Amino acid sequence: MSVDLATVKRVARLARIAVTEEDANRMVGELNGIINFVEQLSEVDVTGVEPMTSVTPMDMRKRADNVTDGDKAADIVVNAPSTDHNFFLVPKVVE
Amino acid sequence: MTELTSLTIAEAREKLEAGEFTSVELTEAYLSAIDAANSVFNAYVAVTPEKALDMAKASDARRASGQVGALEGIPLGIKDLFATRDVHTQACSHILDGFKPKYESTVTQNLWNDGAVMLGKLNMDEFAMGSSNETSHYGAVVNPWRANGSNQQLVPGGSSGGSAAAVSAFLCAGATATDTGGSIRQPAAFTGTVGIKPTYGRCSRWGTVAFASSLDQAGPIARDVRDAAIMLRSMASVDAKDTTSVDLPVPDYEASLGQSLKGMKIGIPKEYRVEGMPEEIEKLWAQGIAWLKDAGAEIVDITLPHTKYALPAYYIVAPAEASSNLARYDGVRYGLRVDGKDIVDMYEKTRAAGFGTEVKRRIMIGTYVLSAGYYDAYYLQAQKVRTLIKRDFEIVFDAGVDAILTPATPSSAFGIADEDLASDPVKMYLNDIFTVTVNMAGLPGIAVPAGLDAKGLPLGLQLIGKPFEEETLFRTAHVIEQAAGRFTPAKWW
């Protein structure tokens, strides 16, 4: 499989990264280099092999469904680029 | 005053206890060393002198009242990946501009609970993606080591390049670091320091900026094996805030130092004898084998047949997890925002301006391998190969092998802005060829300096252990250290 310019632009759109024509052209070569490198995995026989989901066999620890944190709206918005009354501000999304 | 900075953590601990100097004096010695040399190395991206002196004063007061933690009064450097309350935490990325969290990572909190002092935040590859510390938004870090008779600036390795350089150049007593594919062990090997990546789950990941969640682990970089053992004991813990942290008691790792290797079986994997490996590294490996044999260990040849697939599988799994983890940087909740004509335009422009080239490349790869139509061919295949890589190790350990000895890196430190490496990302990725298998299998691995190459640059050996048997690694690495000696760069700065 190989990646073309249209694919690079589609993937950039999915990843929400603006790319210039120049960036996209450069990425075609770089991504193909990496894809060619990982392509060798297809030669491994994985018949009957389960995909790894966790490196250590463990049951996820659970806790009681209680509120353990909160009442810190000011802390949560303090690093945001734009806020108003403890809300994050974003460009208008609904007309 | 300067000689205070040359002490190991263990030595400083003893002298603080004996009252030879205070934590404030020790901290001041480090702060003046940083002041004098940080512009040379670019190891710290933020120095916190006031906080350091406040913490040191508090430590001296605790000591006076008889309260002495395991790292009481010891000044440490912290990789910029760890959240530190109200202090610069940006994973050395432009996209986290100005970010100062209102919370503390579990690992750093554990260190402060044990009495340690924070000197500042250390440079690293952006979001820990790199093997040379050159992808940092704050610029490259300079390795304190230089080749004999050369002024060429060398990389300290990455991603924990600031940590390794600061420890090696005596700008902190020890440093925190993280390792996703080799980011503790490769820089340790490049700087003549000791670095351990513990078993996945040994240190809490809470409050550590996420790169690839199934691979990321915190660990120390230190001057010697004992210091690494002291630091890991404090860093490790079970944590309700990280469900993948493991509920096992944290042993006194220091106690395993000096124990005999009699009856131990050390495996030598034939697959790590890679084509084009410098002869010096072959020799170093043979020397390591001889040292362990002399110490009473039994050496056995082993096979880990899926080794060559670990790096390609890593370059699917890690970017896939990264593309998901880094989706949160969208210009809304923290860091950089670049305005756009609508919200999607704002996201795209923010991420284009905020992420560096290597980070974008990995997000793109991750997005591609997870996208419709490619998931089975790439991601699912890589996760199955990962099962086979882990199985290789399980078979060897089940056959009675206690630890595995390999080289840590395929070369010594290379030059900053190496054109050959810059032109081909895959060549840079090959730096992690000996370390990445360990992350894929979730195992512990330690890099310990074992000698110098013909150019006078440090080379390291790696020991790989069974899950949660870090004690075996400390004990074995200590034997190598005793035989090889310690390595410090000749001071040119």
Side-chain angles (χ1 to χ4, degrees), chain A residues 1 3 7-8 10-20 23 26-27 30-31 33-63 68-69 72 74-83 88-93, chain B residues 98-102 199-201 214 240 243-244 246-247 306 308-309 312-313 315-316 323 330-337 339-340 342-344 346-349 351-352 355 360-361 363-365 367-368 371 374 377-378 380-388 390 424-426 429 441-442 467:
Chain A
M1 275 175 268
V3 179
T7 311
V8 166
R10 184 177 59 85
V11 172
R13 182 80 182 162
L14 285 173
R16 297 282 185 266
I17 296 173
V19 288
T20 61
D23 289 340
R26 182 178 38 84
M27 282 181 181
E30 288 173 358
L31 297 195
I34 298 167
I35 295 294
N36 287 337
F37 173 65
V38 301
E39 207 70 62
Q40 55 181 304
L41 288 183
S42 60
E43 72 196 41
V44 184
D45 181 3
V46 292
T47 317
V49 178
E50 288 292 316
M52 180 179 285
T53 50
S54 166
V55 283
T56 26
M58 62 191 296
D59 292 323
M60 186 180 280
R61 267 197 318 279
K62 299 171 196 75
R63 64 171 176 85
T68 58
D69 204 356
K72 48 174 78 156
D75 279 1
I76 287 164
V77 298
V78 71
N79 279 291
S82 180
T83 62
F88 296 114
L89 293 188
V90 295
K92 203 168 174 185
V93 282
Chain B
F99 183 61
K100 289 182 177 170
K102 300 306 277 183
T199 313
Y200 184 81
S214 78
T243 54
T244 63
V246 170
D247 192 5
H306 295 91
K308 70 176 268 208
Y309 300 110
Y315 274 97
I316 291 174
S323 71
D330 58 5
V332 175
R333 286 157 297 166
Y334 25 64
L336 185 76
R337 170 184 289 192
D339 290 325
D342 55 29
I343 194 163
V344 172
M346 184 273 280
Y347 293 152
E348 292 189 340
K349 283 186 171 147
R351 290 163 65 81
F355 291 134
K360 283 183 199 165
R361 192 181 287 145
I363 292 174
M364 292 283 289
I365 287 287
T367 306
Y368 177 72
S371 65
Y374 298 106
Y378 290 116
L380 200 63
Q381 179 76 7
Q383 290 290 51
K384 286 179 181 174
V385 171
R386 199 173 168 190
T387 299
L388 293 173
K390 182 161 187 257
D424 181 359
V426 173
Y429 298 170

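So you know, we letter chains A, B, ... as the sequences are listed, proteins then strands, and number each from 1. Note that the structure is a prediction, hence the values are computed from the model and not measured.
Proximity to chain A involves both the backbone and the side chain of Val332(B), based on heavy atoms less than 4.5 angstrom apart. For chain A, the nearby part of Ser371(B) is the side chain; its heavy atoms alone come within less than 4.5 Å. Only the side chain of Met346(B) comes within less than 4.5 Å of a heavy atom of chain A; its backbone N, CA, C and O stay farther away. Contact annotation for Val78(A): only side-chain heavy atoms (C-beta onward) come within less than 4.5 Å of a heavy atom of chain B. Using a 4.5 Å cut-off between heavy atoms, Arg63(A) makes no contact with chain B at all. Using a 4.5 Å cut-off between heavy atoms, Glu50(A) contacts chain B through its backbone alone, with no side-chain atom that close. Asp69(A) does not touch chain B: none of its heavy atoms, backbone or side chain, sits under 4.5 Å away. Within the 4.5 angstrom heavy-atom criterion, only side-chain atoms of Phe88(A), from C-beta onward, approach chain B. At a 4.5 Å heavy-atom cutoff, Val19(A) makes no contact with chain B through either its backbone or its side chain. For Thr7(A), the part lying under 4.5 angstrom from a heavy atom of chain B is the side chain only. Interface residue Ala441(B): only backbone heavy atoms are found under 4.5 Å from chain A. For Val93(A), the part lying under 4.5 angstrom from a heavy atom of chain B is the side chain only.
Here the closest non-hydrogen pair linking Ala352(B) and Ile17(A) is CA-CG2, 4.1 Å. Closest approach of Ala313(B) to Val385(B), counting heavy atoms only: CB-CG1, 4.3 Å. Taking each heavy atom of Val38(A) and Tyr378(B) in turn, the nearest pair found is CG2-CE2, 4.1 Å. Nearest heavy atoms, Ala12(A) versus Met364(B): CA-SD, 3.6 Å. Looking at every heavy atom in both residues, Ala15(A) comes nearest to Ile363(B) through CB-CG2, 3.8 Å. Nearest heavy atoms, Gly335(B) versus Pro81(A): O-CG, 3.6 Å.
The salt bridge (Lys or Arg N to Asp or Glu O under 4.0 Å) check on Lys100(B) picks up nothing, with sequence neighbours excluded. Residues passing the salt bridge (Lys or Arg N to Asp or Glu O under 4.0 Å) test with Glu348(B) are Arg13(A), sequence neighbours excluded.
Of the listed residues Val44(A), Thr53(A), Leu41(A), the one with more heavy-atom pairs under 4.5 angstrom with chain B than any other is Leu41(A). Put simply, of Ser42(A), Ser54(A), Pro91(A), the one with the most heavy-atom pairs under 4.5 Å next to chain B is Pro91(A). Looking only at heavy-atom pairs under 4.5 Å with chain B, the residue among Asp23(A), Leu14(A), Ile34(A), Val77(A) that has the most is Ile34(A). In terms of non-hydrogen atom pairs under 4.5 Å with chain B, the most contact-rich of Ala80(A), Pro51(A), Ser82(A) is Pro51(A). Taking Lys62(A), Gln40(A), Lys72(A) one by one and counting their heavy-atom pairs under 4.5 Å with chain B, the maximum is reached by Gln40(A). When each of Arg10(A), Arg26(A), Met27(A) is scored by its heavy-atom pairs under 4.5 Å with chain B, the top score falls to Met27(A). When each of Tyr429(B), Tyr315(B), Tyr347(B), Phe99(B) is scored by its heavy-atom pairs under 4.5 Å with chain A, the top score falls to Phe99(B).
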Are Tyr368(B) and Leu31(A) close enough, and set up right, to give a side-chain contact (heavy atoms from CB on, under 4.5 Å), and what steps lead you there?
CA-CA 10 Å; Tyr368(B) 177 72; Leu31(A) 297 195; 5.8 Å; no
Stepwise side-chain contact (heavy atoms from CB on, under 4.5 Å) test for Asp339(B) and Lys349(B):
CA-CA 7 Å; Asp339(B) 290 325; Lys349(B) 283 186 171 147; over 6 Å; no
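Other residues, nucleotides and ligands place more than 12 heavy atoms under 6.0 Å from the CD atom of Glu43(A).
Under a 4.0 Å N-O distance rule, the pair Lys360(B)/Glu30(A) does not qualify as a salt bridge.
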